[in-house]
Amino acid sequence: MQTRTPRSIAEAEAIQDELRPLLDLTGPGPRRPALVAGVDVAYAGDRLAAAVAVLDGGTLEVVEQVAVGGPVAFDYVPGLLAFRELPALLDALGRLTVVPDLVVCDGYGLAHPRRFGLACHLGVLTGLPAIGVGKTAFVGSYAEPGPERGSASDLTLDGEVVGRVLRTRDGVKPVFVSVGHRVDLDTACHNVLALTPSYRLPETTRVADRLSRRALAGL
């Protein structure tokens, strides 16, 4: 499915409304994905670099990396960030020679004011299982999880559970996990813990972040 670049905020929100019913929020999704892709985008003015890093799901070794540069596709509007990044991210994903079993976005899925963050949008357009792992809370309320790795609490918005606040390192700030497409929340958190053996953020995000920054510097 092709992405469409909207010409206005109203058109962008209409696209989200049109695609939202296509979401699969029950999954269950892969619990032992062989290949996991991380996606991230770095910015400099009106230019960006989108990176996709595919890691072996067992060893977390890098299998393939792709980065592409391009113009920012849409003005910055909270809740519509995906429209800025999707053209370049889809270009990068399309250049892979392997097909990931799971895509981890540096951002949000259902934990979004319109229940359609980047992980949802990317998942619907590609058909790939996708989740979002945010560094901070974008929406919703939650109780602080326990201090131990693996402790978690629900992230709720308007009385609905839209994600989970997950502690990936003992005594370190939690991350905010939400489903995007074709993955349930338990499976999403299981995979995030598997991807964080040494650091707070998933290895997929860490590798994609470094790659996008290097690519941006080379533009």
Side-chain angles (χ1 to χ4, degrees), residues 19-40 52-61 63 82 89 93 96 98-112 115-140 142-143 145-146 148-157 160-170 172-208:
L19 295 179
R20 192 182 303 105
L22 302 179
L23 287 175
D24 174 356
L25 302 176
T26 59
R31 285 188 69 83
R32 293 179 177 82
L35 297 173
V36 186
V39 300
D40 201 8
V52 180
V54 181
L55 275 58
D56 182 290
T59 66
L60 302 185
E61 294 294 321
V63 174
L89 283 175
L93 282 163
L96 292 174
V98 297
V99 178
D101 302 295
L102 178 68
V103 179
V104 179
C105 297
D106 178 29
Y108 308 93
L110 196 62
H112 179 273
R115 306 298 202 278
F116 202 73
L118 175 62
C120 296
H121 208 146
L122 189 65
V124 167
L125 292 181
T126 63
L128 296 171
I131 64 174
V133 183
K135 302 179 186 72
T136 58
F138 182 32
V139 296
Y142 62 94
E148 304 85 9
R149 170 177 160 84
S151 298
S153 61
D154 287 338
L155 179 66
T156 61
L157 178 63
E160 177 189 1
V161 175
V162 294
R164 196 166 291 162
V165 187
L166 179 66
R167 192 87 64 186
T168 56
R169 309 300 305 155
D170 290 349
V172 173
K173 289 190 299 183
V175 297
F176 297 81
V177 181
S178 56
V179 300
H181 185 55
R182 295 182 58 201
V183 184
D184 64 35
L185 190 52
D186 286 342
T187 302
C189 290
H190 170 85
N191 280 304
V192 171
L193 287 173
L195 291 166
T196 53
S198 304
Y199 298 95
R200 175 184 176 232
L201 296 178
E203 286 301 307
T204 41
T205 299
R206 286 164 43 79
V207 176

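Note: hydrogens, waters and symmetry copies are ignored here, and every other heavy atom, side chains too, is used. As the structure is a computational prediction, the values presented were derived from the model and not from experiment.
Contact between A37 and T204 at its shortest, heavy atoms only, is C-CG2, 4.1 Å. In plain terms, the two heavy atoms of P145 and R167 that are nearest each other are O-NH2, 2.7 Å.
You'll find the side chain of V36 stays beyond 4.5 Å of the side chain of E203, heavy atoms only. L118 is listed as a side-chain neighbour of L89, based on a closest heavy-atom distance under 4.5 Å. Proximity of V162 to H112: side-chain heavy atoms (C-beta onward) are nowhere separated by under 4.5 Å. Contact of the F116 side chain with the L23 side chain is registered, since non-hydrogen atoms from C-beta on lie closer than 4.5 Å.
Separation of atoms CZ (F138) and CG (L157) is listed at 10.5 Å; rounding is to 0.5 Å. Between R20 atom CZ and H121 atom NE2 the span is 11.0 Å, to the nearest 0.5 Å. Here L201 contributes atom CG and D106 contributes atom CG; the two are 7.0 Å apart, rounded to the nearest 0.5 Å. A distance of 6.0 Å separates CG in L22 from CG in L19, rounded to the nearest 0.5 Å. The OG1 atom of T26 lies 12.5 Å from the CG atom of L185; values are rounded to the nearest 0.5 Å.
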Show every donor-acceptor pair shorter than 3.5 Å between a side-chain atom in residues 175-183 and any protein atom, with sequence neighbours excluded, or say none if there are none.
unit_1, atom_1, unit_2, atom_2, d
S178, OG, G109, N, 2.8
H181, ND1, D24, N, 3.1
R182, NH1, G127, O, 2.5

Exercise. For salt bridge (charged side-chain N to carboxylate O under 4.0 Å, His left out), just list the numbers for R32 and D101, CA-CA rounded to whole Å, side-chain angles, deciding distance to a tenth of an Å, and then say yes or no.
Key: CA-CA 9 Å; R32 293 179 177 82; D101 302 295; over 6 Å; no
